[in-house]
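Since the structure comes first, as structure tokens, the remarks are kept for the end.
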2 protein chains.
Amino acid sequence: MITEHGRAGVEGKDLRKAGLKVTLPRLKILEILEGNATRHFSAEDIYRTLLESNEDIGLATVYRVLTQFEAAGLVKRHYFEEGTAVFELHQGPHHDHIVCLDCGWVEEFVEPEIEKRQTVVAGRLGFTIRHHSLILYGHCQRANCPHRRRS
Amino acid sequence: MITEHGRAGVEGKDLRKAGLKVTLPRLKILEILEGNATRHFSAEDIYRTLLESNEDIGLATVYRVLTQFEAAGLVKRHYFEEGTAVFELHQGPHHDHIVCLDCGWVEEFVEPEIEKRQTVVAGRLGFTIRHHSLILYGHCQRANCPHRRRS
DNA sequence: CTAGTTGCAAATCATTTGCACTTGC
DNA sequence: GCAAGTGCAAATGATTTGCAACTAG
């Protein structure tokens, strides 16, 4: 169950393990989340992709499934600055994100020193960290990125 | 114009400087934002406080004013995980936040090494950073914090 | 069989907008 | 006086929920 991307794929058995029935909508949504180029989707993104594949799955189901996946730990939900939640398959180690303000492209990264310092800071302030959200916003250099100006 | 908190207060002249008329709603909202204990508010928080002070100011105005303040650089808008935006007077140097999952208490902190590493990471990935959002979520140790259990 | 799922429409929540009525300068 | 500002109600956009019909196990 190692996919061609070198990532462990998620499938039926994982759903069952999470106490969820293996249904077509769930499998299709998982399939999309496994994504090729992109690994970060809004509910709307997924819904649109399903429509394009001529799947008859409602937007409400997409939301319900994603929320259940999140509860089961299969998916992570992020709140980037565009106001709509973004979902990502929760596999591999923890990482943070950098988002391109021009084209929406998302890169993942890990910086151990940053992680470490977060714990130190929290301790200094008398907090016990449960999780965190670090998102960098900037401009990427991808060829197809439209360098739109924004203030 | 140094307040008793040792922070430079924002007042009428700052509004004018931003090209905004000095009106009662704007002054009242500024006053709330200057806050004592708390410095982070949702639009609803501010609206509620206004009602308690028997001010006849609509929620729509609160949103409009906060958005204008943000555009003028007087206020910063944050997206914490509760789905509603949080506003903070934009004074003093940049800082990040740590939020208590139990009581919603917000602390600010600065960690130069983290800031520095962010720039390095961005460079490594070919991004130019415009801004970032680092929020730690955990449990504080304040006496009045209700240590509610969550998963 | 039957509890868990789904699609659809209606409901909710946060935030924005249209409009006629004020008010600062 | 008049453009800018405001209150209220209605509109919007994202997400959730009620419910009757439908399937996985």
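As the structure is a prediction and not an experimental result, all values here were calculated from the model. Lettering follows sequence order; numbering is per chain, from 1.
- Ring geometry for B/H95 versus B/H97: interplanar angle over 60°, hence perpendicular rather than tilted (30 to 60°).
- When rounded to the nearest whole Å, the span between CG of A/L66 and C1' of C/dT6 equals 15 Å.
- Distance OH (A/Y47) to P (C/dT6): 15 Å, rounded to an integer number of Å.
- Residues B/L51 and B/I29 share a hydrophobic cluster, clusters being chains of Ile/Leu/Val/Met/Phe/Trp/Tyr side chains in contact below 4.5 Å.
- Residues B/I46 and B/L89 fall within the same hydrophobic cluster, defined by Ile, Leu, Val, Met, Phe, Trp and Tyr side chains chained together at heavy-atom separations under 4.5 Å.
- Within a 6.0 Å radius of NE2 in A/H90, no more than 12 heavy atoms belonging to other residues, nucleotides or ligands are found.
- Within the 3.5 Å criterion, the main-chain N or O of A/T38 finds no donor-acceptor partner in the side chain of A/H40.
- Axis angle, first five pairs versus last five pairs of the helix from C/dC1-D/dG25 to C/dC25-D/dG1: 30°, rounded to 10°.
- Following rounding to the nearest Å, B/I57 (CD1) and C/dT22 (C1') show an atom-to-atom distance of 14 Å.
- The distance from atom CD of A/E55 to atom P of C/dT6 is 13 Å, rounded to the nearest whole Å.
- Closest approach of B/I57 to B/Y47, counting heavy atoms only: O-CE1, 3.1 Å.
- One interatomic measurement links the two molecules: CG of B/L15 to C1' of D/dA4, which rounds to 13 Å at whole-angstrom precision.
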Below 3.5 Å is the cut-off: list the nitrogen or oxygen pairs between protein and nucleotides 15-20 of chain C, distance only.
from	atom 1	to	atom 2	distance (Å)
C/dT15	OP1	B/A85	N	2.9
C/dT15	OP2	B/Y63	OH	2.3
C/dT15	O5'	B/Y63	OH	3.2
C/dG18	O6	B/R64	NH1	3.1

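- Rounded to whole angstrom, the span from the CZ atom of A/F80 across to the C1' atom of D/dA14 amounts to 17 Å.
- The only option from A/R77, A/R39, A/K76 that meets the salt bridge (Lys or Arg N to Asp or Glu O under 4.0 Å) definition with A/E88 turns out to be A/R39.
- Under a hydrophobic clustering in which Ile, Leu, Val, Met, Phe, Trp and Tyr are joined whenever their side-chain heavy atoms come within less than 4.5 Å, directly or via other members, B/F109 and B/V106 fall into different clusters.
- Here A/R16 does not reach the OP1 or OP2 of D/dA24: none of its side-chain N or O atoms lies under 4.0 Å away.
- Across all their heavy atoms, B/L15 and B/R26 have their closest contact at CD1-CB, 3.9 Å.
- Here the side chain of A/Y137 pairs a donor or acceptor atom with the backbone of A/E81 at under 3.5 angstrom.
- Rounded to an integer number of Å, the gap from B/H78 NE2 to C/dA14 P is 19 Å.
- A heavy atom lying under 4.0 Å from DNA chain C marks the following residues of residues 19-30 of chain A, by number: A/G19, A/L20, A/K21, A/T23, A/P25, A/R26.
- Rounded to a whole Å, the NZ atom of A/K13 is 14 Å from the P atom of D/dG25.
- Salt bridge present: B/R117 and B/E113 bring a charged side-chain N and a carboxylate O closer than 4.0 Å.
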